[in-house]
Structure formats: C-alpha cells, structure tokens
Amino acid sequence: MAKTFLEGERLSQFQHELDALRLQVMQSLGEADAAYIRKVRALVQGSAIAGRSLLMFGMGPVSWIAGIAALAHAKILENMELGHNILHGQYDWMNDPAYNSKRYSWDMVCAPENWRQSHNIEHHNYTNIIGKDQDYGYGMFRLTPEQKWRPSYLLQPFSYLLLATNFQWGIAIQDLKLGRWFNGRMSNAKLRQVSKPFLKKAGSQLFKDYVLFPALAFWQWPRIMLGNLIANGIRNVWTNAVIFCGHFTADAQNFTIKETQNECRGRWYLRQIQGSSNLSGGRWFHMMTGNLSHQIEHHLFPDMPARRYAEIAPKVREICAKYGIHYNTGGFWKQYAGALWRILRYAFPNRRPQLAAA
Amino acid sequence: MGWLMAYAVTNWFWRNPLFQPLNDTQAWNTLGQLLSRRWSLTECRATVLSMVRECPDVISLHLRPNRLFKGFTPGQHVALTVPVNGVLKSRTFSLSQAPVADGSLRLTIKVKADGQVSKAASTLKRGDVVVLSQASGAFVHPRPERGVLLISAGSGITPMMAMLQDWARQDAPPDAVLLHSCRNEAEFLFKHELQTLVHYLPALKILPVFSAESGRLDAARLRQLVPDFALRDTLLCGPRPFMDWVSDFYAEQGLAGQLKQEHFQPRLTPIRPDAEHFTAFHTNGNAAFSARSGQSLLEAAEADGLKPAHGCRRGICMTCQCKKLAGVVHNQLTNTPSGSGEEWIQLCVSTPVSDLYLELANHG
C-alpha cells in the first residue's frame, strides 16, 4: 500500500480539521470524564482485592483460577486504561494528585520516569521513524525491508515468544538503552545511574508478587506465587498482542528520518494516522485494551482522555476518507496475524526494494 | 516506650514502598469512604451540615471536619477544595466562627459571578463532602493587651466575627471597635449576630458605614468616628483598594507597626494584549524570566538561562507541564486563552498575555 502525501493548502486544511476536532473534545472535558476514571480505578482496586483474596484465602483449583483471572483482569485494566492513560497526562486537568502523570505509578516493573521518556517523548514524537522510534521493533525485530537484515534476525520468531511472555521487562529496560552499553557507547557509571529508577521499581514489584503476598499466606505460599506469576504472564501476553497490533500490522507504514525532517504539525498528524492501526470490537474489548484499540486516535491526540476516542473515531475516519488517507482498522485476529507475519517474514532476508527511477 | 515502638513500626510500614499495595493510602481512602464519606488517612475532609444564605450574595457553610483537622486560631483561613465540572479547585476563605465545642466550622463565602469555587460552594447541600486544608494565616490577635480597632469592608468582616466571638468568652474582654463598611443595610453581614454578641461583649462598639447612604469611608471619617484610633491595635480586612488607602493612611501617621492586614484577592496581573514583554515570577514574587509576546514560555525561560523540564516541544508529552498560580496565557495549540487563576499549563505551547506567577522547578 502506498503512502498518502498532502501538500500546501490541502495539508493545512487537513491539519485545521484535526485541530478543530481536538479542541471540540478538549473543551468539553468535565465531570463525566472525571467520574469515569475514578470508576475505573475503583474497578481495578476491587478486582485486585478480589483476586488476591481468592488466591490467599481460597481453597482448591476453582478459586485459584478465579483468583488468577481477577488479578490478571486488574493488572490489565490498571496498566492499560489507568496507568498508560494517566501517565500520558490525559487526566492532569482534573488537578487531582491521585490522577497526575508525574505522581502516578503503575502495577508493573517499568519505572514511570523511564516510561514517560521512552514512550511519551520518543515513541509518540517519532512514531514509526526507523532509527528514531525505539518502539519500532524494540531493537530486536526486523519488521520491514527497510531494516538491514542480519543473521541474528533468523531467531526473531523465538525471541518474540520470549518477549511476549515477559513483555513488562522489555518495556522496563527499553529506556536504559542497553544496546549502547553493549557497544561500549555508555559507561558503567552512566548505566548504573539511568537504571536506578528501574531497579527500585522492579525490586518492589518482585517483592510484592513473589515475597510479600506469598509470605502473608503462610503454607499457601506456592498457590500465591504461581498465581501471581500466571496473572503477570496473562497481562504480558495480552498487552503485547494489543501493542504489536498498534504499529506493526500489514498496512502500517514506516518512515525514514529524511522524509520526516522539518515536519509540520499536519505532516505529523498524517504520519501518526498512517503509522498506526486500530482494532474493532465491543465496549469491553476497547476498555481492556485501554482504548489502544483506537491507536490512530490515540496517536493523533495522546493527551486526550482515552474514553473519548470511540466518540471521535467516526469523525477521524471521515476526515481520512475526505483526504484519501487509508484508515487502518480490522478485527483483532486479522491485525495480529499481520503483525506476526511481519515477524516471520522479515526474519529472512529479501531483496532491497528497488528505488523508482528518478 | 511500647507506644513509641508501635508508632515507629506503623510509620515504617506506611511509608515503605515495599509494602505496596497494602499501604496504598489512596486505596484505603476509597475503601474507608465506602463506610464514611468523610473518612481519610491523608486528607482533611468535611461534611456539609448546612448551607445558610447570609445576604443575597454571601453564604455560610457549616462543616464537620474529620479527625485530621488540627483546629485554628480565630482570624485564620482554610482552603476549600471542591470539584468544578470534574476539576478540583481551591480557594481560601476565612473561618467566621470561633472554635465551638462540637468541632464544627463555619466558612463564610462571597459568591462572585466569576468565582467558580464560590459558586460551586453555594450549590452544596447537607451531607455533601468537601476537602479542607489545615488552617493558616498570621491574621490573628488572640490576647489583646489594649483597645482594638477592627476595620472591615464587605465580606472582610468574616475573620473579625471569629475574633470577636473569641474575645467575648475571655475573662477580660478588650475594648473593641468594629468599623465596618458596606453598601447598605441589606448587605450588612452578621448584623443580627453582632447585636447578640454585644450582650456578651458590652465594650464592643459597632460603627457601620453604608456607602450608598453616606458615601465611602475615608480617612477623615475614620478620624471622626474613631478619634482614638492611634491608641488601638488595628486589624484590617477588605477589598484591595479599601485596604490600600487604610494602610497608606496608617503609614502616613507613622502607625504602620500597629496595623495587621489580611489580603484575600489573588495577585492581580492585568491582561495587556499590546505589551511586548511579560514577566514570569516565581511563587515567592521574584522575577524568573521575561517573555516576548507570541514567544512560548519554554523558549523564553531557556533564553533567560532556566532549564525547565521538557520533552516533545509540540504539546503532546506533558513533560513541561507547570502550575500557573496567576496570570493568563494563550494556548497556541488549541488557540484558546487560559483562565486567570491557578491551573496547569504546558510551557511549550503557552504564550503570555499578562504577567505570570509560576511554580517553576529548575531541572539543571
């Protein structure tokens, strides 16, 4: 699929239409949005208490499985709909410290300060620009012919399985840029310094799930420890699948540093739309993805409360149709298959794409 | 010793991040509030006992705070936080009643047309819950040693009421004069309450001045009504222009030392659409940097050698977010002006249209 380019008057018109859409929603934020995020937090807390109680006080396999399900549900909802969205500053306007992007911390091993750097600043600014967006392939995967093939990529279907099941760790160390340290471009001292927040956060997460709660259950400790491990695993696999559907589907475009130099806001919008892909589904599905199923809307307006994405999606789609831009959406399995195919296909070398004759 | 140990252990548990989420105060607050909406481990929350309309545009809230409220000295104020269309907003109001046995509080609030907090406060009902700060303020005079003159205008009478009630209970109440200015008798706040108070505080002399009838209070009237003003400790509270002339007058008389004042109005930073330069001040009032009209605050701060935290420079990552205490900025991304009060702004997409007060943290 070819990229759409917009120029001159049409480009600025396109930008203004999206700016106007953003303004319309941002000015209507209010009580309902505040009540929603409080409700989600209460749901997360209730689900976590139910899950941990079932694991701790329950007996037999039924309560164990129910406990794991409730805890995994709590962790998924917390990471996606609460943590991710609050850390974007989507609810900073509420002026409530409990929902402030600089104070919130989530139930996973990635330190919020690392995340705000690698995700909010780098990924959202440089979305799908090869060489600048660390999220494009996470420095592990070759997902497009524009990336140079190396024999180590042959292993990527296996390393993908490893990443999917341990996804929180992948995200957590992303901002440490360990690649630079391996190449000798980062000193040990610098690594120690940048990894401090990560070590602290990861330590407290491990202590909570694998020491504190098992210890509180006395002889039931194996039940808790294994339950927590599985709940964390379910969360890892699910968030990984959702996130890989965001930018690596079959029709998602990638960009070069050169073509995005001196990019205006309109072009930036255009890149965000073409580099992202949506998932279609019901209300509950959208909530469990933290509304990242509306990845296009999220990348256009990352600071807009995510519950509003569903409401603006038809309008964004209309704007895309008007300007001839492909609006990449589809069911979960179709989109995920597209992402998995890239991982498999580009593990193997291919001929570099021929440049069109100038 | 045992208590001390228990306290130390509890404190350690409560502060140690290792015990998350067992010591997650926010979660415990949510749980506790299922039982009692006023309950909290961290916040001073209060239930509304009643909302009374004192005058057409003035209300009083009777509140019962939870156990975290540490009490107050008459004359002090508290910040009231209420949600206004989903946004938590705070304003400071005087406690207008001396401490009472049941621990309830009275806040008297002037409802202004553009005052979002005061308007929200006027819609509160019995049983609603609000958040309070601890009492603060140096505008207190608990043990008068000689005659006192209270000069107030409009809703500036609120802290005076608490002090007068307090003095009425003392063994040796002071000789007090209340010189109060308001538009007319209908707007005379606490008129009936003052009439009752005179029975307990016989030395109290009440001198109302109704500006609609007899003109504004000025220095000459002050001299005439309270000839011995120079011999009295003076407490002053009212709108800014009113306070300005009184304090100028006291300064002229060389009496500035015996004048205590309470300012209510926020710092004023007029909008100057045609100005070329604006100044951003630190919260302590020192100038932080200056910005050209149309220049983003982030660029302006950096040009003056500051290093505010920042990320994308295009208004999406929220890293440069900063709390504005006063002043108006224009958001270049949304093309809309901000409010004039306390709110969060993004430095990279905001340009000033008035002088500003900012809570700046320097990340060097």
Side-chain angles (χ1 to χ4, degrees), chain A residues 19-20 22-23 26-27 29-38 41-42 44-46 48-49 52 87-102 105 107 116-117 119-122 124-126 200-201 203-205 207-208 211-213 216 265 268 272 299-303, chain B residues 13 16-31 33-34 40 42-43 81-90 116-117 120 131 309-324 331-336 338-339 341-346 348-349 361 363:
Chain A
D19 281 343
R22 176 198 145 89
L23 186 59
M26 295 309 259
Q27 284 182 335
L29 296 183
E31 188 53 46
D33 302 275
Y36 172 79
I37 202 66
R38 293 206 165 92
R41 193 163 198 182
V44 166
Q45 286 168 345
I49 291 169
R52 292 198 189 272
L87 290 178
H88 261 296
Q90 291 179 2
Y91 296 93
D92 283 355
W93 55 273
M94 285 166 63
N95 199 23
D96 187 336
Y99 299 89
N100 185 281
S101 57
K102 299 226 163 93
S105 190
D107 186 6
R116 287 197 303 263
Q117 176 67 31
H119 182 82
N120 291 8
I121 300 179
E122 290 172 14
H124 273 271
N125 219 349
Y126 305 124
K200 203 172 154 201
K201 179 73 180 156
S204 78
Q205 285 292 113
F207 180 79
K208 168 175 80 176
V211 180
L212 179 65
F213 278 102
L216 286 174
R265 188 166 179 83
W268 182 82
Q272 298 301 335
H299 264 264
L300 287 173
F301 314 118
D303 54 342
Chain B
F13 165 76
N16 198 324
L18 279 183
F19 296 113
Q20 286 281 350
L22 292 178
N23 59 4
D24 179 347
T25 45
Q26 204 272 342
W28 284 111
N29 286 349
T30 313
L31 276 180
Q33 281 156 22
L34 293 176
S40 171
T42 45
E43 272 178 336
T81 303
V82 288
V84 178
N85 193 21
V87 184
L88 294 184
K89 299 204 169 179
S90 306
Q116 292 175 309
V117 175
V131 176
H310 66 274
C312 67
R313 291 180 172 271
R314 57 166 106 228
I316 59 161
C317 76
M318 299 289 180
T319 310
C320 66
Q321 196 176 218
C322 166
K323 191 172 245 177
K324 168 176 74 64
N331 186 319
Q332 295 169 312
L333 184 58
T334 57
N335 203 20
T336 47
S338 73
E342 193 177 303
E343 61 193 323
W344 292 94
I345 57 168
Q346 290 162 272
C348 71
V349 291
H363 290 254

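Please read all numbers here as calculations on a predicted model, not as lab measurements. Naming convention: chains lettered A, B, ... in sequence-line order (proteins, then strands); numbering from 1 in each chain.
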Requested in this report: Against chain B, work out which of A:W268, A:F301, A:Y91 has the most heavy-atom pairs shorter than 4.5 Å and name it.
Outcome: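 Most heavy-atom pairs within the cutoff with chain B belong to A:W268.
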Query raised in the report: Taking every heavy-atom pair that is under 4.5 Å apart, which of A:M26, A:H88, A:K102, A:H124 has the most such pairs with chain B?
Result: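 Looking at each of A:M26, A:H88, A:K102, A:H124 in turn, A:K102 comes out on top.
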Query raised in the report: Listed by chain and number, what are the salt bridge (charged side-chain N to carboxylate O under 4.0 Å, His left out) partners of A:D92, not counting sequence neighbours?
Result: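 Salt bridge (charged side-chain N to carboxylate O under 4.0 Å, His left out) check on A:D92 returns nothing, list empty.
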**Report entry** Which residues share a salt bridge (charged side-chain N to carboxylate O under 4.0 Å, His left out) with B:E342, sequence neighbours left out
**Finding:**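 B:E342 satisfies salt bridge (charged side-chain N to carboxylate O under 4.0 Å, His left out) with B:K323 only.
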Report task. Walk me through it: do B:L31 and A:I49 pass the test side-chain contact (heavy atoms from CB on, under 4.5 Å)? Result -> CA-CA 11 Å; B:L31 276 180; A:I49 291 169; 4.0 Å; yes
Please give me the minimum heavy-atom distance between [X] and [Y], naming the atom from each residue.
X      : Y      : result
A:K208 : B:P21  : CD-CD, 3.2 Å
A:S204 : B:L18  : CA-CD2, 3.9 Å
A:Q27  : B:T336 : NE2-CG2, 3.1 Å
A:D303 : B:I316 : CB-O, 4.3 Å
B:R314 : A:R265 : O-NH1, 3.5 Å
A:W93  : B:V87  : O-CG1, 3.2 Å

Query raised in the report: Of the backbone (N, CA, C, O) and the side chain (C-beta and beyond), which part of A:D96 lies under 4.5 Å from a heavy atom of chain B, both, or neither?
Result: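 Both backbone and side chain of A:D96 come within 4.5 Å of chain B.
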Report task. Side chain from CB out, backbone as N, CA, C, O: work out which of these in A:Y36 comes under 4.5 Å of a heavy atom of chain B, or both, or neither. Result ->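 Contact with chain B involves no heavy atom of A:Y36 at all.
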Query - A:R22/B:L333 under side-chain contact (heavy atoms from CB on, under 4.5 Å): CA gap, chis, key distance, verdict - result: CA-CA 10 Å; A:R22 176 198 145 89; B:L333 184 58; 3.6 Å; yes
Query raised in the report: Would the number of heavy atoms belonging to other residues, nucleotides or ligands and lying under 6.0 Å from OH of A:Y126 be above 12?
Result: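 At most 12 heavy atoms, drawn from other residues, nucleotides or ligands, come within 6.0 Å of this atom.
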Query raised in the report: Roughly how far, to the nearest 0.5 Å, is the SG atom of B:C317 from the CD1 atom of A:I121?
Result: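 If we round to the nearest 0.5 Å, A:I121:CD1 and B:C317:SG are 4.5 Å apart.
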Query - Region of B:E343 that comes under 4.5 Å of a non-hydrogen atom in chain A - result: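 Answer is neither: B:E343 stays 4.5 Å or more from chain A.
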Query raised in the report: Is it the backbone or the side chain of B:T30 that comes under 4.5 Å from a heavy atom of chain A, or both, or neither?
Result: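 Interface part for B:T30: side chain.
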**Report entry** A:Q45 vs B:Q26, side-chain contact (heavy atoms from CB on, under 4.5 Å): CA-CA, chis, key distance, verdict
**Finding:** CA-CA 10 Å; A:Q45 286 168 345; B:Q26 204 272 342; 2.8 Å; yes
**Report entry** side-chain contact (heavy atoms from CB on, under 4.5 Å) evaluation trace for A:S105 with B:Q20
**Finding:** CA-CA 11 Å; A:S105 190; B:Q20 286 281 350; over 6 Å; no
**Report entry** Top contributor to chain A interface from B:P17, B:A27, B:G315 [non-hydrogen pairs under 4.5 Å]
**Finding:**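 That would be B:A27.
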